[in-house]
A.B. asks: 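Attaching a single structure in structure tokens format; questions to follow.
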Amino acid sequence: MFENLKEQPADKILTLMAAYREDPRDSKIDLGVGVYKDASGNTPVMRAIKAAEKQLWEQETTKAYTGLAGDPGFADAMIDLVLGKAVARGNIAAAATPGGTGAVRQAFDLIRMANPNAKIHVSDPTWPNHLSIMKHMEIEAVPYRYFDSETRGVNFDGMIEDLKKVNAGDVVLVHGCCHNPTGANLNMAQWQEVVDLLIEKGAMPMVDIAYQGFGDGLEEDAQAVRLIASSCPETLIAASCSKNFGVYRERTGLLMAVCNDPAKQKLNQGTLNYLNRQNYSFPPDHGARLVTMVLTDPALRADWALELEEVRNSMLGLRSQLASELQRLSGSDRFGFIAQHRGMFSRLGASAELVEKLRVDHAIYMVGDSRLNIAGLNKDSVPILADAIVKVGI
Ligand code: LMR
């Protein structure tokens, strides 16, 4: 039977990760995969997570199964983090998932069950794995304009024009904050316009929020998802804890199905439980438990928020350093967008050939669409990158 299998396309981000590992050059710089790195290039376990882990090791008395939707305490803590008081708890069904990707996958499954004809409209560009999962599930992805390659900001007029074409029952996938891969984001007035349009069209928003706290702050980064979930009749939200809690390999995420009719909550919750059972039964618990402990213990939470703020500020500092270094070297303001972008990524808007040249000539690794991971930089590598960008002629 195995002879019938076909070679599957390799994931571009993960291929780049492997190529970087194999590069023997000492000077190599990894700006590929979206993983936070400190100034020495390490991805640390956050202090509060480490403290929670110690407590858990001492106090945990069983590894017996939790519920199909995971520990309800995790859902409560994450709903509070993502949605605050924007939506009544009784209107939200939620299930823990293996990472944010697990939540995305379960959301697509739910959409397919609820409306097999639904198209999912995705920003052009979006996280490549959104498209890959949809292709695998044979769900039609329809791109809407998003990135303006001239200004490196959002092409908002193009986005609205394209979203005017969505049909009732379709889904519009948006990034709650820190757009991946571009780093270009909507302001709140623009989000309001999108919300009004989706309500008018009868399309459902699906929000992927994987970088809360990496943009303008924990509360600020949640503003759009809160507006969407409190305004639209139904919303799906896929939240990841990988980055903001640094628990990448623990696979910790939450899928939320929000609706304005509490009578539908039971059905939604039952569907999320069912989907977990079909796909992997019980979701992973370790990371979810650590996150819950951190969010519900005031001292741990304060320390976590402080460390996250340090991470955010260090990325903002690197952004302004890179933008001004590029301004100095190129003698132009054309890289100012790097300081305006938010989150871990910025898309430079360079051709694949120039990105390849950066890798071959300068051992600088970024994704082929010219997405760079700001957190892969440090004060010393910023001038090296800026010099290489100008030298290859970006
Ligand atoms: C990324 O975009 O680099 C991250 O979300 C990691 C991944 O799984 O692709």
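Residue numbers run from 1 in the order of the sequence given. When a ligand or atom number is given, it counts from 1 through the structure's own listing order.
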A.B. asks: Looking at Lys12 and Asp369, is any side-chain nitrogen of the basic one under 4.0 Å from a carboxylate oxygen of the acidic one?
C.D. replies: no
A.B. asks: Using the salt bridge (Lys or Arg N to Asp or Glu O under 4.0 Å) rule, collect all pairs that involve residues 188-209, keeping only residues at least two apart or in two chains.
C.D. replies: none
A.B. asks: Could you tabulate the donor-acceptor pairs under 3.5 Å formed by side-chain atoms of residues 57-69, not counting sequence neighbours?
C.D. replies:
| residue | atom | partner | partner atom | Å |
| --- | --- | --- | --- | --- |
| Glu60 | OE1 | Lys63 | NZ | 2.7 |
| Thr62 | OG1 | Ala64 | N | 2.9 |

A.B. asks: Crowded around Glu150 CD? As in, over 12 foreign heavy atoms under 6.0 Å?
C.D. replies: no
A.B. asks: Could you name the protein residues that come within less than 4.0 Å of ligand 1, counting only heavy atoms, and order them by chain and residue number?
C.D. replies: Ile13, Val33, Gly34, Trp127, Asn180, Tyr211, Lys243, Arg371
A.B. asks: Linking Ile, Leu, Val, Met, Phe, Trp and Tyr through side-chain heavy atoms less than 4.5 Å apart, which residues share a cluster with Met134?
C.D. replies: Val104, Phe108, Leu110, Ile111, Met113, Ile120, Val122, Leu131, Ile133, Met137, Ile139, Val171, Leu173, Met204, Met206, Leu236, Leu255, Leu272, Tyr274, Leu275
A.B. asks: Under a 4.0 Å N-O cut-off, is there an ion pair linking Arg226 with Glu219?
C.D. replies: yes
